[in-house]
Amino acid sequence: MSNPATIHALFEQRLADSPQLVFLRELDRQWTLEQLATMADTLTQELQALGVCRGDRVLVVAENAPQHVGLIIACSRLGAWVCGINARMAHGEVDAITARCDPRVIYYTTERSAAARDHAQRAQAQDSAVAGLQHGASRRQAVAAAEPEASRVAALIFTSGSTGVPKGVMLTHEGLIQFAKVSCASRQLGADDRAYAYVPMTHIFGLGTVLLAGLYSGSSLLMRQQFDPADVLHALAHEGLTQLQGPPALYARILAWMEAHGVTEIHAPQLRYLYAGAAPLLLPVKERIERVFGRSLHHGYGLSEYAGILAVVRQNEGRADTSAGYVVEGAEMRIVDAQGQDVTPGETGEIWMRGKGLMAGYFNDAEATAAVMREGGWYASGDLGRQDEQGALFVVGRSKEMIIRSGFNVYPGEVEAVLLRFPGVCHAAVIGLPEGDGNETVVAVLELQAGATIDATAWAAHLRENLAPYKRPTQVETIDTMPMTLSGKVLKKDLRDWWNQQHARLAAA
């Protein structure tokens, strides 16, 4: 394939080569590239009629659906930026991202998502010209982005930082296509491959290494809205699945389902590639997965700000450790100390990166962009890592306080901002505690105003209205006085120690 400059050019090259290729396989329907092109044509005309121009944002409240693919292509044709957000987000979260995104129009994938239908009904959306979609006006300013970003950017992926304010990562066409290219190379993807596409396309993982890599390689996707271990095992046994990718929690759920149902073996005659990403991978978890699947589990390191992937384990390299592999084509990486100086191999430092996949910045947030960019065009990730003598990367921790839950990022500041809006809460702190499957559980500590109490029913309703299920604290404790620095910053380490002591006493009682 020649080097396409945009997402729609990538699609149209593949369409010209194989118009009858069955690209998407749902449970009840298949979609050829030609059918997706027809849908994209209709959506392009509809977006134009709605006044969408280059640099405008088109928000898509979605679970995986062919209609979302059609919108990604149509937006690319017009130079608009597609911004997908998970339909399972709470109303308040959708409202917050809408305010930051300032979209010209909002779409909802109503055919395949009850959650999207709920949001569409709340917005009084109307039917699109494409069946299974509804759209509504954003009632925002919808100011078009300025050049050169207007032409370079393809998509916004929203990720919240420590302040709890959503940040829109501006991903470029060049970066996303490079992501697709290196994904194909690392997995040796070809036309005979089929991948399980359950990871949301609203996430960089689902957008880049699943959808766009599938287009780049000419392979096909088994598209699903939700993860179902029984469906995965059926697809492995009977639907020619060759690729399985997802967070470590995906594999943990498969193994738990097998144990609960007395299934001792996996029948996967065509499976040749396993990958775990989007969360830390613990060695005991990796070893168990490899033992049950009978294949090497590959791993990598990426993030939204660098179009999904910076390093990955090579296709034919079976590793006995949890290294994230080697820096991919088109990327550069440094491991630096607190002064920004390179450390020697084996030493731990902050991971910096630059290259084709680097974001164009955070949308409409110059301050946040400046806070992470360094001289020479380097992005300071806040993650800690080291390299061995051969250059293999080991991610050893996060200097940021982000929590990984079921492969999704949970940012304490975002959750804390919601908790502090509940009546009677004086201070709130959220921490992540490790679970056995590589996940982290979200827990909250509250300092209440004098005389205040928490009504359990009202509390549950508040969380349900404002936080997606994976962001909601599973345990909550109250504390008399929150441990803080003189400047008012919560001492999370002290708080974690307090939590462990509290629960150790309870366990001993």
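- Using modelled atom types, no side-chain atom of Glu477 and backbone atom of Val445 make a donor-acceptor pair closer than 3.5 Å.
- With a 4.5 Å cut-off on side-chain heavy atoms, Glu440 and Leu433 do not count as touching.
- Expressed to the nearest 0.5 Å, how far OG of Ser220 lies from CG of Leu241 amounts to 9.0 Å.
- Within the 3.5 Å criterion, the main-chain N or O of Gly214 finds a donor-acceptor partner in the side chain of Ser217.
- A salt bridge links Arg77 with Glu12: the distance from a Lys NZ or Arg NE/NH1/NH2 to an Asp or Glu carboxylate oxygen falls below 4.0 Å.
- Judged purely by atom type and a 3.5 angstrom limit, Arg88 has no side-chain atom pairing as donor or acceptor with the backbone of Ala468.
- In this structure, Arg405 pairs ionically with Glu435, as a charged nitrogen and a carboxylate oxygen lie closer than 4.0 Å.
- Between the CD atom of Glu239 and the CG atom of Leu222 there is a distance of 5.5 Å, given to the nearest 0.5 Å.
- In summary, the side chains of Tyr362 and Glu305 do present a donor paired with an acceptor at a separation below 3.5 Å, with no hydrogens or angles considered.
- Between Arg224 and Asp228 no salt bridge is recorded (no basic side-chain N to carboxylate O distance below 4.0 Å).
- Looking at Arg187 and Gln243, their side chains do bring a donor and an acceptor atom within 3.5 Å of each other.
- Side chain of Ser381 to backbone of Ile351: a donor-acceptor contact under 3.5 angstrom is found.
- Side chains of Leu176 and Ile204 form a contact here, defined as non-hydrogen atoms less than 4.5 Å apart.
- For residues 296-355, the ring pair (Phe, Tyr, Trp, His ring centres under 6.0 Å) pairs, not counting sequence neighbours, are Tyr273-His298.
- Arg57 places a side-chain N or O within 3.5 Å of a backbone atom of Asp102 that can act as its donor or acceptor partner.
- With no hydrogens or angles considered, no side-chain donor-acceptor pair links Arg319 and Ser296 at under 3.5 Å.
- Looking at every heavy atom in both residues, Ala62 comes nearest to His68 through CB-ND1, 3.9 Å.
- A donor-acceptor pair is defined here as one N or O able to donate and one able to accept, closer than 3.5 Å; such a pair exists between the side chain of Ser323 and the backbone of Leu393.
- Considering Leu171, Leu156, Leu59, Val58 in turn, Leu156 is the only one that fulfils the side chain to side chain contact (heavy atoms under 4.5 Å, CB included) rule with Trp81.
- Side-chain atoms of Lys492 and Pro412, non-hydrogen and from C-beta on, do get closer than 4.5 Å to each other.
- The two residues Arg496 and Gly432 make their nearest non-hydrogen contact at NH2-O, 3.5 Å.
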Inset, instruction - Kindly indicate, with the supporting measurements, whether the criterion salt bridge (charged side-chain N to carboxylate O under 4.0 Å, His left out) is fulfilled by Arg112 and Glu63. - result: CA-CA 7 Å; Arg112 293 303 189 192; Glu63 294 184 75; over 6 Å; no
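- Proximity of a side-chain donor or acceptor of Asn466 to a complementary backbone N or O of Glu93 within less than 3.5 Å is not detected.
- At least one donor-acceptor pair under 3.5 Å links the side chain of Asp388 to the backbone N or O of Gly391.
- Under the 3.5 Å distance criterion, the side-chain polar atoms of Ser18 are left unmatched by any main-chain donor or acceptor of Leu15.
- Within the structure, ring pair (Phe, Tyr, Trp, His ring centres under 6.0 Å) pairs that include any residue of residues 222-253 comprise Tyr198-Phe227, His234-His238, Tyr251-Phe293 (at least two apart or interchain).
- Between Pro66 and Glu26 the shortest side-chain heavy-atom distance falls below 4.5 Å.
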Legend entry - Verdict with supporting geometry, Gln387 and Arg334, side chain to side chain contact (heavy atoms under 4.5 Å, CB included): CA-CA 9 Å; Gln387 285 180 289; Arg334 296 171 60 194; over 6 Å; no
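- Put simply, the side chain of Phe363 does not reach to within 4.5 Å of the side chain of Val169, judged on heavy atoms.
- Under the salt bridge (charged side-chain N to carboxylate O under 4.0 Å, His left out) criterion, the residue pairs touching residues 365-381 are Arg100-Asp365, with sequence neighbours excluded.
- For residues 269-285, the pairs satisfying salt bridge (charged side-chain N to carboxylate O under 4.0 Å, His left out) are Asp193-Arg272, with sequence neighbours left out.
- Listed by first and then second residue, the side-chain hydrogen bond (donor to acceptor under 3.5 Å, both in side chains) pairs that reach into residues 172-181 are Lys181-Glu329, sequence neighbours excluded.
- For the ring pair (Phe, Tyr, Trp, His ring centres under 6.0 Å) test, residues two or more places apart in sequence or in another chain that qualify with Tyr470 are Phe408.
- No hydrogens or angles considered: a donor-acceptor pair under 3.5 Å links the side chains of Thr474 and Thr441.
- A donor-acceptor contact shorter than 3.5 Å is absent between the side chain of Ser76 and the backbone of Ile72.
- By the 4.5 Å heavy-atom criterion applied to side chains, Leu212 and Leu215 are counted as neighbours.
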